[in-house]
Undergrad: 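Take a look at the following structure, please.
All values below were derived from every heavy atom in this structure, side-chain atoms included, with hydrogens, water molecules and symmetry-related copies excluded. It should be emphasised that the depicted structure is a prediction, and the values quoted were computed from it without experimental measurement.
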Amino acid sequence: MTAELVRGQNHPLPHTRLEIRVTAGAPVMPCATLADAQGTVGGAEWIVHPGSPSLPGIEVSRQAAAALRFHVDLDALPPRVHLVRVLLALPEGIGGPDRFGATAAPFAAVTSTEGAEVASFTLTGLDSETAVVALELYRRQGAWKVRAVGQGYAGGLAELFGDQGLPQARAFAAGIQEAVARHLASAVQTPLPGGTDGRRRRSEGLPLAPAPGPATPSGSTPGTVPSAGPPASGPPSSAGPQSGAGGAVNYTHPGRRTSTPPTPPPAAVPAQPGRPPRPVAGDATGWSMDERLYNQVWGMFEDLARTTAAYRSAMDFAESRLDQELDRVLSDPRHRIGGAGDAAREAARAKHDQLAGQAREVLDRDLAQLVAESEVVEPALPPAYARWDNPVWHAYRVPMEIPMALRLGDVHLPERPDLRIPMLVRLPLERGLWVDSGRSGSEAALMMDDAQLRGLAMDTAVAHAARLLAAYPPGEFTVHVIDPAGSGARSLAPLTSSGVLDRPPAAGAGGVATVLATLTQRVDLVQMAVRGGAAESLPPGLDTAEQLLIVNDFPHGFDDRAVTQLRYLADEGPAVGVHLLMVADREDASGYGPLLDPLWRTLLRVTPVPDDHLADPWVGHAWTYEPPAVPPGSGVLLQVLEQVASARRAWRR
């Protein structure tokens, strides 16, 4: 039975592996401090926060969100730790509430990893506070308990950390705020001047790739921005961003609201008692099926990351324990004669096999549940989220509004390579893409010759461009192509033959200069209009649709000026709807030296062949990326592009 705690009340914890689920009426930052038996925080290295989201036994999100989870394994905490304080704080500079009293009271629930609620606490009575100690998990006589605290600080995290004795508390708190700010663009996509959109609630999922959003401060992780209470004005509007000559310029996602999304539909009833429930597509929170599926996909990603991390940790523990026990056997003189040593070694190996078997059993159980969920979710995905072989593409119609996200491929881990999670990034894009046409080090790349790999990289770029074109309403996305030597003609054929390009691919140094000058001027004009609050004064002929520039064979055909313009477009373009899609080998581009390093870091690297280059700082996984592949012999890509071209022609009439 759940214990509903009041301030100061405690409750025993029957589990050592816990989740603390927090919901609030506005985005909040998650932090936690570890302390010894005297309640002393040993230093900054004893604090987990969005800039440093994990320590042994505890993990928090990198984002500020209105729905958060703390993952706690009390057995994995260092022996010196006797107290864990769970902290919440309001992020600064996002236009949200400036104190907890201006929003709904946060609610914290302590649950088992299976979701069974143990205790809950509503943090009422807060007013001018901007940071609060929500809960304490503490150890007494070998047993763990949870205490409801609710102690707030009007001076924010700086005052809170100072009260806990942390040196340079103000500077440390400012660093956390800065870390959160780097991830807020996708959580708080502030409309550009002239826009009327609000914000839309998102899940607390962890993205693998940076989740886009053009607003500043720039960031890379999705978040949630609801407010308390029922919807203020019903479900999201279908109105898209305004564009066109003289119109307001707004590259944020359409239809955002400031109210909390409805409760997700209930999961199916288990077929048999004790069995996990049958998966249901779209059982996450969200205003629409599009949003619920997006949140569910990221939930699957998180579950796979956590269950694999737990398995690897358990296997490491089993190996470490085996090594320690074997060392003890070898160091004990009594085991050097007779059969005592052999028996001790056999016992150690038997214990290792038992621990490894238990870990594998748990992993197989969790992976089977995720496979079952994937089998239900994958067929239900909309075109923007679906693989090219999904039948939904054969029923494709040009959309009237922009989806939340776009699929850039799949990711998987070696423990279950066939369990592939869609790699979704938010729209509009915050970062451009670099399709690496070089030998990236993967086995698949090393088996190809250079020409084959470059052709496949260009095919991949065209597939990405086609998805972007297919995701946008008519007239809201324009593609330019730079192909200096014409080497990409075969791969570009679907774009050129379908008629989705306004101009043929630019060739030669002159073509490169013309396209870059046009897009650079567009960025300058829109930036000046937006910053001056005069978006209506843009020239009548200016295309305010989002722009994608595909660059093939870089850096061939590019002089220093052209490279500088590319750098400018990569840095400044996304905020005003201009994005790069580079197809290049980084080794070929290395001749430009440090000039290109910032460009490489600015863009999101993807590959035309499977490659395990995607690093997950949360749990240390190296995810294998699988590019979006059009089935051999399929005409689906050209069919989709022809529909897009037809809709563009009708829109221009």
Undergrad: At their closest point, which heavy atom of Thr307 faces which heavy atom of Asp366, and how far apart are they?
TA: OG1-OD2, 2.8 Å
Undergrad: Step by step, work out the side chain to side chain contact (heavy atoms under 4.5 Å, CB included) result for Trp623 and Leu413.
TA: CA-CA 6 Å; Trp623 293 83; Leu413 292 171; 3.6 Å; yes
Undergrad: OG of Ser288 to CD of Glu401: how many Å apart, nearest 0.5 Å?
TA: 7.5 Å
Undergrad: Could you tell me the separation between the CD atom of Glu19 and the OG1 atom of Thr111, rounded to the nearest 0.5 Å?
TA: 5.0 Å
Undergrad: Test the Arg467-Trp388 pair against the cation-pi criterion, namely NZ or CZ under 6.0 angstrom from the six-membered ring centroid and within 45° of the ring axis.
TA: yes
Undergrad: Out of curiosity, Leu501 CG to Ile550 CD1, how far, rounded to the nearest 0.5 Å?
TA: 7.5 Å
Undergrad: Got a second to check how far His412's NE2 is from Leu419's CG, nearest 0.5 Å?
TA: 10.0 Å
Undergrad: Considering only heavy atoms from C-beta outward, does the side chain of Arg21 approach that of Glu117 to under 4.5 Å?
TA: no
Undergrad: Between Arg431 (side chain) and Thr602 (backbone), is there a donor-acceptor pair under 3.5 Å?
TA: yes
Undergrad: How close do Gly282 and Leu293 get, heavy atom to heavy atom, and via which atoms?
TA: N-CD2, 3.6 Å
Undergrad: Going by heavy atoms in the side chains, are His464 and Val606 under 4.5 Å from each other?
TA: yes
Undergrad: What heavy-atom pair brings Pro30 and Ser61 nearest, and what distance separates the two atoms?
TA: CG-O, 3.7 Å
Undergrad: Examine distances only and state if a side-chain atom of Tyr625 and a backbone atom of Leu408 form a donor-acceptor pair shorter than 3.5 Å.
TA: yes
Undergrad: Got Tyr472 and Pro428 here, is their nearest side-chain heavy-atom distance under 4.5 Å?
TA: yes
Undergrad: If you look at every heavy atom in Gly475 and Arg648, which pair is closest and at what distance?
TA: N-CG, 4.4 Å
Undergrad: Sub-3.5 Å donor-acceptor pair from the side chain of Asn390 to the main-chain atoms of Pro383, do we have one?
TA: no
Undergrad: Could you check Leu429 against Glu546 for side chain to side chain contact (heavy atoms under 4.5 Å, CB included), going step by step and ending with a plain yes or no?
TA: CA-CA 10 Å; Leu429 294 174; Glu546 289 193 58; 5.8 Å; no
Undergrad: When you measure from the side chain of Ser313 to the backbone N and O of Ala309, does any donor-acceptor pair fall under 3.5 Å?
TA: no
Undergrad: Does the side chain of Val500 come within less than 4.5 Å of Val479's, by heavy atoms?
TA: no
Undergrad: For Ala305, does its backbone N or O pair with a side-chain atom of Thr308 as donor and acceptor, under 3.5 Å?
TA: no
Undergrad: Please determine whether a side-chain nitrogen of the Lys or Arg among Arg420 and Asp418 lies less than 4.0 Å from a carboxylate oxygen of the Asp or Glu.
TA: no
Undergrad: Scan Val376, Thr285, Val377 and name whichever one has a side chain to side chain contact (heavy atoms under 4.5 Å, CB included) with Gln296.
TA: Val377
Undergrad: Does the side chain of Leu363 come within less than 4.5 Å of Arg416's, by heavy atoms?
TA: no
Undergrad: For His613 and Arg605, indicate whether the former's side chain and the latter's backbone hold a donor-acceptor pair under 3.5 Å.
TA: yes
Undergrad: Would you confirm whether Tyr311, through its side chain, and Glu415, through its main-chain N or O, come within 3.5 Å as a donor-acceptor pair?
TA: no
Undergrad: Are Val392 and Pro382 close enough that some pair of their side-chain heavy atoms sits under 4.5 Å apart?
TA: no
Undergrad: Can you confirm whether Leu433 sits close enough to Leu580 that some side-chain heavy atom of one is under 4.5 Å from a side-chain heavy atom of the other?
TA: no
Undergrad: Do Pro473 and Met400 have side chains that approach each other closer than 4.5 Å (heavy atoms only, starting at C-beta)?
TA: no
Undergrad: Would you say Thr478's side chain and Ala545's backbone share a donor-acceptor pair under 3.5 angstrom?
TA: no
Undergrad: Applying side chain to side chain contact (heavy atoms under 4.5 Å, CB included) to Gln639 and His394, what does each step give before you reach the verdict?
TA: CA-CA 8 Å; Gln639 293 170 13; His394 296 287; 4.2 Å; yes
Undergrad: Shortest non-hydrogen contact from Ala457 to Val583?
TA: CB-CG1, 3.8 Å
Undergrad: Any chance you could measure Leu304, atom CG, to Leu367, atom CG, to the nearest 0.5 Å?
TA: 6.5 Å
Undergrad: Locate the shortest heavy-atom distance separating His49 from Cys31; write the atom from each residue and the value.
TA: CB-SG, 3.8 Å
Undergrad: How many angstroms lie between atom CD of Glu476 and atom OG1 of Thr544, to the nearest 0.5 angstrom?
TA: 8.5 Å
Undergrad: What's the verdict on side chain to side chain contact (heavy atoms under 4.5 Å, CB included) for Leu468 and Leu427, showing C-alpha distance, side-chain angles and the deciding distance?
TA: CA-CA 9 Å; Leu468 282 162; Leu427 291 179; 4.0 Å; yes
